[in-house]
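Only one structure is covered here, and it is reproduced in the block below.
Residue numbers count from 1 along this sequence. Owing to the predicted nature of the structure, the values given are computational and were not obtained by experimental measurement.
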Amino acid sequence: LDDLTDGLLIHSENFQALNLLLEKYAGKIKCTYIDPPYNSKTTQILYKNSYKHSSWLSLMDNRLAISRLLAAPDGSHIVAIDENEQEVLGRLLSIHFPDHAKECIAVVHNKKGIQGDYFSYSHDYAYFCMPPTLSRTNGKPVPESEWDYDNLRKWGRESERESAKNCFYPIYVEGDKIAGFGDVCDKDFHPKQANVPCGQGGRGVAVYPADSQGVERKWRYSRDSVEGIQQLLKVHVTSSGDVQIHKAKAEKHFKTVWDDPIYIAGDYGTKWLTNLGLKLKEDLYPKSIYTVVDSIYAVSGQGALVLDYF
């Protein structure tokens, strides 16, 4: 059954469903993305007594206690929220994920703003809880037509050859093409300049990560990883004739404020569903599909198991 489907939908009260899922999916979920009740005036849930914040926290506490058991060793939790419970949710997440990196992202979903008592709210939040085993988040892909390039040679602090010896090697260039990559240089080898002629008849050039003053620096990628990004590299010749290797910025890091128009909920959430012929309830506030997609993409990849239990 798993091979024939690309998703599993369970119709259930979510606390019971999470307990059921533990049987099969414990330790396997790469990304948990949830959009729980915001506890605002328009989305209040039924409470006992009058301890509204504590009742909401109990709801979240019970479910987070189970869903963290479902997370893979490198699995992350993402929780959408607004200003009503953002503060206390952050503290609760710190209790459940004490060793995780916790980042609170602001997502601008309404440029006009929703009037509050003192300010108009134009954004809500997404907490990202990422384990130490997740080495980095994915960057947002940039279309090739919009690529910017900069020097593959590192500069500034900790850019000297001695700081990473496996990042000092020649890149062979013939004409305007990269012909190959040489081995890591012996520690006693010191090219006198960044460009050293080589090849039959001197048609090629070996490019080393040395700057214009002859200081030996390093490439931003080690010898065993540079071939994996060869499609992002190009040959650049300066006005003085120096041959350099430049790398494309094919992705951009997600920032802590998401203010791109594609995150506007009305345009890419409500309108999209309306255009599908769906009649929306007045108390339903769909997010932009891009908010959800980019959140999940930041911490997971193709074939990952993603869970949403709200």
Side-chain angles (χ1 to χ4, degrees), residues 11-18 31-68 76-97 102-129 255-274 278-296 298 307-310:
H11 186 68
S12 166
E13 192 279 325
N14 56 14
F15 182 78
Q16 303 298 333
L18 286 171
C31 172
T32 297
Y33 176 95
I34 54 175
D35 191 356
Y38 280 4
N39 204 19
S40 64
K41 293 179 180 179
T42 56
T43 62
Q44 288 190 67
I45 57 176
L46 297 178
Y47 297 102
K48 294 181 179 180
N49 302 318
S50 59
Y51 301 102
K52 292 191 173 184
H53 288 297
S54 62
S55 297
W56 186 88
L57 281 170
S58 294
L59 171 83
M60 295 303 300
D61 180 61
N62 292 337
R63 284 147 185 79
L64 287 170
I66 304 176
S67 68
R68 69 182 180 185
S76 302
H77 269 66
I78 305 168
V79 187
I81 200 66
D82 72 358
E83 70 281 354
N84 288 286
E85 298 291 356
Q86 178 250 341
E87 251 187 287
V88 292
L89 174 63
R91 295 178 182 180
L92 181 65
L93 291 171
S94 294
I95 293 172
H96 282 286
F97 304 101
K102 186 183 72 177
E103 299 287 350
C104 188
I105 306 302
V107 182
V108 179
H109 64 91
N110 185 336
K111 295 286 188 182
K112 296 179 180 179
I114 301 171
Q115 184 59 49
D117 293 336
Y118 299 100
F119 298 94
S120 292
Y121 290 95
S122 60
H123 70 281
D124 53 18
Y125 303 93
Y127 273 108
F128 284 72
C129 293
K255 298 181 180 179
T256 53
V257 176
W258 294 11
D259 57 358
D260 193 295
I262 64 173
Y263 302 127
I264 299 299
D267 294 338
Y268 298 101
T270 303
K271 285 184 180 178
W272 274 36
L273 293 177
T274 302
L278 299 176
K279 184 175 177 61
L280 302 186
K281 298 179 181 179
E282 291 185 1
D283 60 349
L284 185 64
Y285 302 95
K287 283 182 168 49
S288 164
I289 189 173
Y290 296 110
T291 301
V292 181
V293 168
D294 285 355
S295 296
I296 295 171
L307 169 67
D308 175 5
Y309 56 87
F310 273 101

Q.
The criterion is ring-ring contact (aromatic ring centres under 6.0 Å, His included); which residues satisfy it with Tyr290, sequence neighbours excluded?
A. Tyr268, Trp272

Q.
Side chains of Gln86 and Tyr127 only: does a donor on one sit below 3.5 Å from an acceptor on the other?
A. yes

Q. Any ion pair linking Arg63 and Glu13 (charged N to carboxylate O, less than 4.0 Å)?
A. yes

Q. Would a 4.5 Å heavy-atom cut-off, applied to side chains only, mark Cys31 and Leu307 as touching?
A. no

Q. Mind checking whether Val79 and Tyr33 have side chains closer than 4.5 Å, heavy atoms only?
A. no

(Q) Under the rule for ring-ring contact (aromatic ring centres under 6.0 Å, His included), what residues qualify as partners of His77, not counting sequence neighbours? (A) Phe97

Q.
Leu89 vs Trp56, test: side-chain contact (heavy atoms from CB on, under 4.5 Å). Steps then yes/no.
A. CA-CA 10 Å; Leu89 174 63; Trp56 186 88; 4.0 Å; yes

Q | Flag if over 12 foreign heavy atoms under 6.0 Å of CG, Leu273 | A | yes

Q) Quick one: do the Asn110 and His123 side chains pair a donor with an acceptor below 3.5 Å? A) no

**Q.** Minimal non-hydrogen separation, Val108 against Val257, with atom names
**A.** CG2-CG1, 4.4 Å

Q.
Counting neighbours of NZ on Lys255 that are heavy atoms of other residues, nucleotides or ligands and sit closer than 6.0 Å, is the number greater than 12?
A. no

Q: Report the residues that fulfil salt bridge (Lys or Arg N to Asp or Glu O under 4.0 Å) with Arg68, sequence neighbours left out, ordered by chain and then residue number.
A: none

(Q) We want to know whether Ser94 and Lys102 form a side-chain donor-acceptor pair, criterion being a heavy-atom distance below 3.5 angstrom. (A) yes

